Structure formats: structure tokens, C-alpha cells
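Here's the structure, in C-alpha cells; my notes come after.
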Amino acid sequence: MNRHRTHTLWIAFILHRFSGVALVLFLPLHFYLLSMVLTDPETVDQLLHWTKHPLVKVAEFGLVFLLSVHIFGGLRLMALEFLPWASWQKTMAAFSVAVSFLISCTFYLSAV
Amino acid sequence: MTTRQNIDRHDTDILILGTGGAGLFAALHAQRTAPDKKITIAVKGLIGKCGCTRMVQGGYNVALGQGDSVERHFMDTIQGGKWLPNQDMAWKLCETAVVRVRELENEIGCFFDRNEDGTLHQKAFAGQTFDRTVHKGDLTGIEIINRLMEQVLSRPIEKLQEHRAIGLIPSKDGTALAGVLFIDMRTGGFRFVRAKTVLMATGGGPTMYKYHTPSGDKTMDGLAMALRRGLPLRDMEMVQFHPTGLLGGAGTKMTGTVLEEGLRGAGGILLNNHEHRFMFDVDERGERATRDIVSRGIYAEMRKNNTSPNGGVYISMSHLGPDNVRKKFPGMVKRCADSGFDLAGDKVEVVPTAHYFMGGVVVDPDTRTDLRGLYVAGEDAGGAHGSNRLGGNGVANSTVYGGVAGDVMGKDIQSFNALHEPDETILDEEISRALHPLSRKPANIQTLRNRLMDVMWDEVGVLRTEKGILRGLAALDDITSELSELGVDGGNLAFNLTWHDWINLQSLCEISKVIASAALSRENSRGAHFREDFPESGSMESSYFTVARQKGDELNVAREQVEFTIVKPGETLLKDNEAESMLEAIK
Amino acid sequence: MSAAGEKTKLKNINVSVWRGDSAGGTFQNYAVPAQESQTILDVVAWIQQNQDPTLSYRYACRVGMCGSCAMMVNGQPRWTCRTHVQKVIKKNKLVIAPLRNLPVIKDLATNMDEFFDKWVRAEGVFHPTRTRDDEIEKINPETSKRARANAAIECINCAVCYASCDVVSSNKDYLGPAALNRAWSLVNDVRDGALDQRLDAVSKSGGCHNCHSQHGCVKFCPNELNPTAAIAGLKLETAKTMFRRRR
Amino acid sequence: MLDLRLYMAQRLTALIMVPLTFGHIAVMIYAIEGGLSAAEILSRTKGSLAWALFYGTFVVAVSIHGAIGLRVIMFETFDLKGRPLSIFSWAVFLSLLYLGARAVYAVTTT
Ligand SMILES: Cc1cc2nc3c(=O)[nH]c(=O)nc-3n(C[C@H](O)[C@H](O)[C@H](O)COP(=O)(O)OP(=O)(O)OC[C@H]3O[C@@H](n4cnc5c(N)ncnc54)[C@H](O)[C@@H]3O)c2cc1C
Ligand code: HEM
Ligand code: SF4
Ligand code: F3S
Ligand code: FES
């Protein structure tokens, strides 16, 4: 990686971007799946059954993780932009990743 | 090969050389006075980023009342200059500074420090009888130049950056200036710019000394150009040394840069290698004596070989408490730390360093010179400071007179109707002078520059004698002739720094000779000039200044009587009931 | 000469310098004698003065005041005159290249015009409300506006931040951290008379809203300024005007 | 490639989504606990105007938010600009909106 990028907050930026893109790519799939409830309920159930597979669980974990990373990262950014300046940017970035991890773990654990 | 047939030719109305305080102010004022004229600003580096005005730390002298007065500022200036200043220029400097600082703050947007009551904060430099130095922290120059630069960049002024002036070209009949010859440094091509009026504001800069403070782009080009046109130069022996330049060895450009005056003011002490605090042997004020005295005190220790490893002395601040020092001088501490020195907790090596050049082109208080169409302002102009410049009067001088020049050029140009045809012979001469090294065998230029800097430091430096100066002059002749045999690889002239090093060295050699000759001619000691063989100042009433002029190959130094047009030695403009110094009175 | 000085003199640093112009270029290797006190600028100057007289670079003040000497050093943007070799050297090697995000003129010298054009485009220029004939405005230095303006003001326009920012590289319209930082300083300057004009200037398509808070500018600014905070300030201020003006 | 308006739209939609997403995640965690089937999802949401509004708002917000987000990335990283960029942004917005609306319709109508 280019050495001008090797610092926490740049990594926070790229994580936010990456998670954003991942979410946009996932959402249509998710929407499509849900609408099949109407058109093709059996397939839905089959698919949902499939989600019991551990690999899919891990993927779900990843997704929820990205979602919460994105949310907390986004909240951090908006706090930075709209609240009085504070010098806890790095702490906040780390914090949002940690909380996201926690939430997605909960999600994962409750799913298995 | 470039010849005069294929050089780029370019016309303008008002041409300004240099973007220090003088150049930028001139551009703004000229535009205001003559809005319909084309203005071109040409500079050796990037606009506003080169030159010394940007490096001003301490601040800007201006008498803003409340007990201070223009008269008091003027008397300090005259006394500081040991009665040598041109009094009309000094007066105009002090008087106009008041308007100029309001202009800087109100119109240009400079952000000067405030007192708690909201008024401008002012402090005192050595040699002043009042707290009159306006500042922005200890980075005043950056503030002034950045704000001026923004104003100039946002206006329709033609900008020629990295254009180095190499010759003033007179008109065919020799009665006026036709224009200026440049090297476009980015391409390496020549460009001749004709103009009706030209301001030279290239800022002097005594960088021919082993230790020096000014920026790397300043190499006396302006004065060398004026000398070659036969213009008179005054006070050329007057080189101001700052006592505490950082000494980091020969391998670093940090060597010579200023450690600010305030360090000594706050209680910093100077020690030699035996840990002896020597300044009290020289002056009862110790380290707080004026710049020239402290410089000479340090220099004397160096002569006695009581020196630090790199050949200087030490400044020590740690007894004031490292944290305290860090808090009080954050900029200086950080600067030292960046180059590997611990100013707050340890001793740092220092050495006197050539700082400012009082000498310059003879001008009238309207910045006009003997050559019609040529104006000179800022550090290039002589006269306002005499033998010594007060801290804080340098940037006041460049901004005041830059503005004056802009106004005067704007007015004069209304009656200058036509551009002049240049004297093509001189144009040719200047081109071949610049091309000269390209036809010689390439060799190391820095070695010769180092020799020049050693010679000037040793023989024409802080302490001078006739013998030494004569030795110096002989060495300068050798260096000059070696330079003319020394070549530069001309394969690619675009951004060819080595070629410019060569031209820099030539300018420095030419002006070094004038400094040495003027120093030889002044047989007394005044301000920055100290002759060990003539340590007395001579009578103030019969004060003279030196005027150097080149005719053909001959350099002529004459003495001219100072005219006391406003105040005579022994007199003062202060009222009878006014205290001599208001510093104590207030405290 | 100290003993330590003698010893370090013997060592050479391996220096790789980018050589070329707007048409392209490559790295060239040099061996430069190490010194005790030595900045990156000293290394570059040594090469030009002693080994390769055709090397081009730019500097002026040599003490961190003019912002002319910035380059990429081992991949990071730095002011070279104030960067001690020991601070950045890795395995006795230095890689020195022209500043990122600006067009190269030759070797290590870049063309900074766009940087300054953007400074002006961001309305980083004071608009007076008084003249030289007026008194100087009394301003309490303790007010929060004054403090904010002051915190952003000591910029030397070195473009180090500009080089660190990936938005600058990917969006050629983006005004960049330095210009926006200057605009923010002026937004807080009570003497200035062009607030609306400036807020409009920083709200256009290359304006402050493009900043993704990458913080490279903060990390690398040699003067410890905080353009990210300045830009955040502009975002909030412009957002407020959107409601205030009810467009 | 953000100006003030797009920026505000992105931030406002983000703020709107915060409670919605948290709500959604909470429901999901709760739902998964009991093992999930299509019928179960539907039994909860079918015929509920509240859920329709809940997810409807989310779909609108996320379509705007995501479209602006991708727009920025397409501009910065893939150098897409001018008309093609606008067309792209609108396309992302409309397809998200369409797919999202269909999903909401599917899970909330009886
Ligand atoms: C470190 C330092 C600290 C100082 N501190 C103070 C202080 O606290 N207070 C004070 O009053 N004074 C101070 N001074 C002095 C003050 O900076 C100068 O007196 C003043 O700024 C000179 O202004 P100027 O416009 O004449 O020249 P400069 O600001 O030096 O500008 C000269 C310009 O001319 C250009 N130039 C040079 N040669 C050529 C050429 N051949 N062709 C084209 N352009 C050329 C240069 O690149 C530059 O742009 C200090 C000086 C230094 C070096
Ligand atoms: C729910 C809470 C959310 C919050 C608080 C939030 C916040 C943000 C913020 C503040 C940005 C701007 C980042 C920047 O300018 O650098 C952003 C960008 C983005 N968001 Fe979200 N977002 C949320 C949900 C979503 C969702 C659900 C998606 C998926 C569709 C999404 C996709 C994106 C994308 C693609 C970007 C662009 C990333 C970039 O420019 O680097 N966001 N988000
Ligand atoms: S903000 Fe800092 S890094 Fe950017 S130009 Fe100014 S001084 Fe340099
Ligand atoms: S690095 Fe660039 S993205 Fe913003 S925070 Fe600084 S300007
Ligand atoms: S040379 Fe001036 S900042 Fe480095």
C-alpha cells in the first residue's frame, strides 16, 4: 500500500467505502429475495433453509459486520462534521469497529 | 545555441522584479494608481514563496501613538544607524509605516496579534525606546506575505514565475531603461521584457558569507545588475550580522539560519567551550547587548579558539526550565528538534550569521534612480538604515517603499508614452555573459562558492582590518578569474540549477568586491562596520557615507557628506519633557 | 571535528531519486555521505552540487517557512528542509520523488499553479470592510471566532496536505485541504466582508463536501494544522446556510 | 463529485436510516432466535401499515443514499462524469427504488 495511506483514519475511510459498496451490492439481492415471498414462496423457504449452512452464517456475519461498521463509521463522520471538533477521531474509528464487531457477533451467535 | 535573434520578446507597462514585501506591495499600488496599465511581476522563485520578507519572525516597527510617535521611531532609526541614514528616507519610512500597517491589517487582511483590550500587540526589539513592533507570533513574515500573495494572485496581473532577471537593458540612446533580460528558468530560454517603468525589488541579501540567514534565491543579482549599468551604490560596507545563527556543521543548509533574538532577551546565555559565560567580559548588558556587540563578542571567542566542535559557541536555555522554554519558544524548539538539536534541554551551537544588507542603490525618497524608468525599493535600496538596521525596520522598509514605488510608477507612467528600443549590444553582452560557462569544461561550483564564503567571512566579516580586506580583495580576484574558467554542463538548460549557481556566484563575486572596497574606504567603525585598525566612530557631525560606482572595469568608491536635513547630531526631535526611553518608564 | 562526526562520515546512504519531466521518468541511484546533521534537502542538494549537476529541485528559505521544498520521501509527503534524515530513513535507504498530485516540471520540482488557483477559487482571499484611513479594528483575542481563525492561519502553502489527499488525486476539481483551510480561517475572520461569496465558493462541485475525512492532511501537515476540522467547519456552516436561505 | 445539495441528501438519508436499521437488526436478531421461515416473516408484516411505512421510508432513503454513494465512487475511482454519471446515478436510484418497493409490497400486502 502507498505509504501516505498507512494511518488509522485512512483505513477507516476505505473501510467505510468498502462497506458502503458491499451494502449497495447486497441490497438488490436482498430485495429480490424478499419480493419472491410473493411470487415464489417455496424457493424462499428453500433458500432460508440453506442459510443454516455454516458458510452462509459466516457470510451473514460479514454482512452485518459491514452494515454496522458502515453505520458507526457514518455516525462518526457526521459527528465530526456536525458536532464541535474533538480530538478523539482515532478512538472513535476504533470504537465503531469494535461495536460493529460486537453486534455482528451477537447476530452470529443468535443465528447458530 | 540561443542567440538574440531567437530570444522571446515581450512587452508590458509596469514591470516588477521580486515578490517580497516590496515587489508585492508595488504591484498592488501600481494597479490602484494606474488600473488601465499592464502590470507584470517577475520573480526568481514562486510568487511570495521566495525572498526574505516571508522569513521575518520578530515583526514590523510602527509608531501607533499612546506615548509613541513618528518622531521617536525616527530618532531610534537615526541613532541605530549611527547618523548615517538618509534622513528624508528614514522619516518617510517611519511616517508611512503607520498608514501601511493599517493597510496591511484593514485591506490586505493581515492577522496581527492583539492585546486583551483588542488593540494591536506591540513588543520591543533591541535598540528601540518603545514597544512598537507589531507581529503575528514569531512568524510575522509568513502572515504578511501570504496575505499579499493572495491579493496579487487574485488580480489580473501578469505573472512570470521562475524568471530570473540577469540584466537591465538601457535604451539605444542610453537615456532610459528599455527593459529587463530574463532567463525563464523552467525552460532555460531567454526572455526580454520591455517596460516603461521597472521596479527592482530583488532584496539584496548577503549570502556571500560562510554563515548567512537569507533565503537561497537571494544572491545580490539586483545590485550586480545595477552596478553593471554604472548606477551608484551606497553604504556597501554595511553588512548586518545576527549573533545567533544555528550551527549544524558544513553539511546542512540549516547552518546559519536564525535562532531568534528573543532567546537572549528571555535569559538565554552564551557559553564558550570552557563553559565560560563570556559576554559579560565584553559588555555590561551581557547577552542582551545589541546585535553588533554580541556578534563581535562571539567572533572574538572564535578567534581565541574557545569554540564548540563545529567552531562556534553555545546558547543555553535549559536553566530556564526545559518545559518553560518549550512553551515560550515552541517554533524555535521544534525547528532545532527537526534538525536534531534539543534547545530546551541542551546547549545548541551558534555562530554570528550575515543577516541583512544595509547598502544598496542610491534612490530618492520616491524610489527613483539615476536611470530614467528604473525604480528601486526594499533591501535593494540604500539609505534608510545607514550603518545599522533596527530589528523590525526591514519589513517596514520594504512594504513602505514598495507601495511608494507602485504609486510613483503609476503616476510617472502617464507621461512615459512609448516603450524604448533596447541597446542590442548590451543585450548581446548580457546574453553571452550568461552563456559563458556553457562553453567551459564543467567542474564543481560549490567548492568555489565555499571559498568565496570563507574569504568574505574571514577577511571582510564581523571584524575587519586593512590588511585583511586587501587579502580578501586579492582572493576575490582569484576567485573571479577561476569562475570564468569554470564550466557548466549545458546539455539541458531547463531548470538547470547548476547553471544558476554559476550566475549566482558571479553576482556574489561582483558585489563582494564592492563590499570589500567600501569597507576599505571607511576608516572608522560605525554600526555594523567594525575596523579593528580604526575602532573609533569618528565625529558624528562629519559623518560620511560611501558611494561605489563602476566605470568600465574600474570600481570607484567615494565618500559623501551626510546631510542632516531633519535633525543634527546632538539634537533630538523628542520634546524636552519626553523620556529618552519609554521602555523603563512604562514598566 | 568531533569523533562521532568522523565516524558517520564514512557511511553512505543509498538514495533513489526520481528523474524526469512531464513526459515521464525513472528512479536513479546515488550514494550520499551521511552526516550527523542532515536533512533530506541537504541530501538532494549534495547530489546536485557534487554528483549530478543536472538534478532539479526547489527550495528557498531552508527553515520551513516558504513551503517550496516539499517532496515525497519514502512514499510520504514531507517538507524536506526540516526533515532530518534519521527520522525517515529505512534500512539506510531513501526514495525521493516529486510531490504527488501536482504536475512535474523537472525531476523534483513541481508546478504549483493549480494549488494556488484553487486557493483563489476557494475565496482564500481577504475582502476588506475597512480602508487604510480607518482605525484598526479592536478584536478580543479570546473570542471563539478569533481563536478558530487563528488556529488555521499558520499555513505555509507547502502542498504537503494536497499531496496526501486521495480525493485530490481522483477529483481534479477538488479544492483541497489547504485552500479550504484558508477559506475556513476567513469564515471566522470578523473583519472579512465576503462570507456568502466564500460559502458559495466552497459549496460548488469541487468544494468542501467532497472531503471524505481521510485525515492525511492532518497527519502530514508539518505545521500541525487541522484541515479536516476546518473542512468540517465549512460543511456545517454551509449546511446551516442551506436552511437559513431556504433554497 | 458532491455539491452541497447532494451532500445534504446523503447525510439526511443516513440520519433517517440510523434508527430504521437498528430497528431492523434488532428484529432480525429476535427473529432468528426462533428460526426463520417465509411464513413467519410474513405473518408479522402482512397488512401492517406501520411496517410498510417503516420499510418504505428505508427503501426511499437507501436508494437516495446508495445512489449518491456510488455516484461519488464512480466519479472518483472510475472517472465517470457528466451525463453518463447522471444517468448512472439515476439508474442506481431507480433500480434500488423499484426492487425495494417490490420487496416492501411483497411483504406487507395481504
Ligand atoms: C531570517 C530573517 C528574519 C528577518 N526578520 C526580520 C524582522 O523580524 N523584522 C524586520 O523588519 N525585518 C526582518 N528581516 C529583514 C526583512 O526580511 C527584509 O528586510 C525585507 O523583507 C526585504 O524585503 P524585499 O522585498 O526587499 O526583499 P525580499 O523579501 O527578500 O524579496 C526579494 C525578491 O526578489 C526575488 N529575486 C531575487 N533575485 C532576483 C532576480 N535576479 N530576478 C527576479 N527576482 C529576483 C526573490 O526571489 C524575492 O522574491 C529578516 C530577514 C531574514 C533573512
Ligand atoms: C444506516 C446508516 C447509515 C449511515 C449512518 C451512513 C452514513 C454514510 C455517510 C456519512 C457516508 C458519507 C461518507 C463519505 O463522504 O466519505 C456514506 C456513504 C455511503 N453509504 Fe452509507 N450510511 C448508512 C447506510 C448505508 C446503507 C444501508 C448503504 C447501502 C446501500 C450505504 C451505502 C453507502 C455508500 C455506497 C456510500 C459511499 C461511500 C463513499 O463515498 O466512500 N449506506 N454513508
Ligand atoms: S495546511 Fe499544512 S500541509 Fe497544507 S499547505 Fe498548509 S502548512 Fe502545508
Ligand atoms: S486528506 Fe483529503 S479527504 Fe479530507 S480530511 Fe484531508 S482533505
Ligand atoms: S525550503 Fe522553505 S520550507 Fe523548505
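Predicted model, so just to flag it, every value in this text is computed and none were measured. Convention: sequence-line order gives letters A, B, ...; per-chain numbering from 1.
For the atom pair NZ (K136(B)) and CD (E105(B)), the distance works out to 11.5 Å, reported to the nearest 0.5 Å.
Judged purely by atom type and a 3.5 angstrom limit, N496(B) uses its side chain to pair as donor or acceptor with the backbone of D489(B). No donor-acceptor pair under 3.5 Å is formed between the side chain of K106(C) and the backbone N or O of F495(B). Judged by distance alone, the side chain of N115(B) and the main-chain N or O of D117(B) form no donor-acceptor pair under 3.5 Å. For the pair D338(B) (side chain) and R335(B) (backbone), a donor-acceptor distance under 3.5 Å is absent. Panel note: side chain R449(B), backbone L505(B); no donor-acceptor pair is recorded below 3.5 Å. Judged by distance alone, with hydrogens and angles left aside, the side-chain atoms of Q151(B) form no donor-acceptor pair with the main-chain N or O of L24(B) at under 3.5 Å. A donor-acceptor pair is defined here as one N or O able to donate and one able to accept, closer than 3.5 Å; such a pair exists between the side chain of T140(B) and the backbone of Q57(B). Put simply, the side chain of E143(B) never gets that close to the backbone of E154(C): no donor and acceptor are under 3.5 Å apart. Between the T53(B) side chain and the G20(B) main chain, no donor and acceptor come within less than 3.5 Å of each other.
The greatest number of non-hydrogen atom pairs below 4.5 Å with chain B, out of N140(C), I156(C), V125(C), is found for V125(C). In terms of heavy-atom pairs under 4.5 Å with chain C, the best-connected choice from C50(B), G340(B), G137(B), S154(B) is S154(B). Contact count versus chain B (heavy atoms, under 4.5 Å) is highest, among V120(C), T129(C), D133(C), for V120(C). Among T447(B), T257(B), V258(B), D217(B), the residue with the largest count of heavy-atom pairs under 4.5 Å with chain C is T257(B). For the set V488(B), L104(B), N146(B), the count of heavy-atom pairs under 4.5 angstrom toward chain C peaks at N146(B). Taking chain B as the reference chain and counting heavy-atom pairs below 4.5 Å, the highest number among E142(C), H127(C), R58(C) is found for R58(C). Chosen from K44(B), M149(B), E162(B), the residue pairing most often with chain C at heavy-atom distances under 4.5 Å is E162(B). Contact count versus chain B (heavy atoms, under 4.5 Å) is highest, among T54(C), I153(C), L41(C), N223(C), for I153(C). Among the candidates T498(B), D113(B), L153(B), N106(B), the residue making the largest number of heavy-atom pairs closer than 4.5 Å to chain C is N106(B).
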Review item, side-chain donor-acceptor pairs of residues 107-118 of chain C, under 3.5 Å, at least two apart:
residue	atom	partner	partner atom	Å
D107(C)	OD1	R19(C)	NE	3.2
D107(C)	OD1	G20(C)	N	3.0
D107(C)	OD2	R19(C)	NE	3.1
D107(C)	OD2	R19(C)	NH2	3.1
D107(C)	OD2	S56(C)	N	2.9
N111(C)	OD1	D113(C)	N	2.9
D113(C)	OD1	Q161(B)	NE2	3.2
E114(C)	OE2	Y162(C)	OH	2.6
K118(C)	NZ	Y162(C)	OH	2.7
K118(C)	NZ	K172(C)	O	3.0
K118(C)	NZ	Y174(C)	O	2.8

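Results of the salt bridge (charged side-chain N to carboxylate O under 4.0 Å, His left out) test with E107(B) over R100(B), R147(B), R32(B), R102(B) single out R32(B) as the only residue that passes. Among L246(B), T207(B), T353(B), the one residue that satisfies the side-chain contact (heavy atoms from CB on, under 4.5 Å) test with T213(B) is T353(B).
Of the N and O atoms on the side chains of H355(B) and H212(B), not one donor lies less than 3.5 Å from an acceptor on the other residue. A donor atom on one side chain and an acceptor atom on the other are found under 3.5 Å apart for N504(B) and R164(B).
By the 30° and 60° cut-offs, the orientation of the rings of Y60(B) relative to F112(B) is tilted.
Heavy atoms of Q446(B) lying under 4.5 Å from chain C belong exclusively to its side chain. For I136(C), the parts sitting under 4.5 Å from any heavy atom of chain B are the backbone and the side chain alike. At a 4.5 Å heavy-atom cutoff, C69(C) makes no contact with chain B through either its backbone or its side chain. For E123(C), no part lies near chain B; criterion is any non-hydrogen pair under 4.5 Å. For a residue to count as touching a neighbouring chain, one of its non-hydrogen atoms must lie under 4.5 Å from one of that chain's; by this rule I47(B) does not touch chain C. For chain C, the nearby parts of K334(B) are the backbone and the side chain; heavy atoms of each come within less than 4.5 Å. For P442(B), no part sits under 4.5 Å from any heavy atom of chain C, backbone or side chain. Contact of I445(B) with chain C is not made at all, since no heavy-atom distance falls under 4.5 Å. Proximity to chain C (any heavy atom under 4.5 Å) is restricted, for V56(B), to the backbone atoms N, CA, C and O. Looking at C52(B), there are no atoms closer than 4.5 Å to chain C (heavy atoms on both sides), in backbone or side chain.
Residues of residues 81-90 of chain C lying under 4.5 angstrom from chain B, judged on non-hydrogen atoms, are C81(C), R82(C), H84(C) in numerical order. Using a 4.5 Å cut-off between non-hydrogen atoms, the part of residues 180-192 of chain C that approaches chain B consists of R182(C), D189(C), R191(C).
For residues 59-68 of chain C, the side chain to side chain donor-acceptor pair (under 3.5 Å) pairs, not counting sequence neighbours, are K253(B)-Y59(C).
Side-chain atoms of I145(B) and M55(B), non-hydrogen and from C-beta on, never get closer than 4.5 Å to each other.
Closest approach of G248(B) and F341(B) over heavy atoms only: CA-CZ, 3.8 Å.
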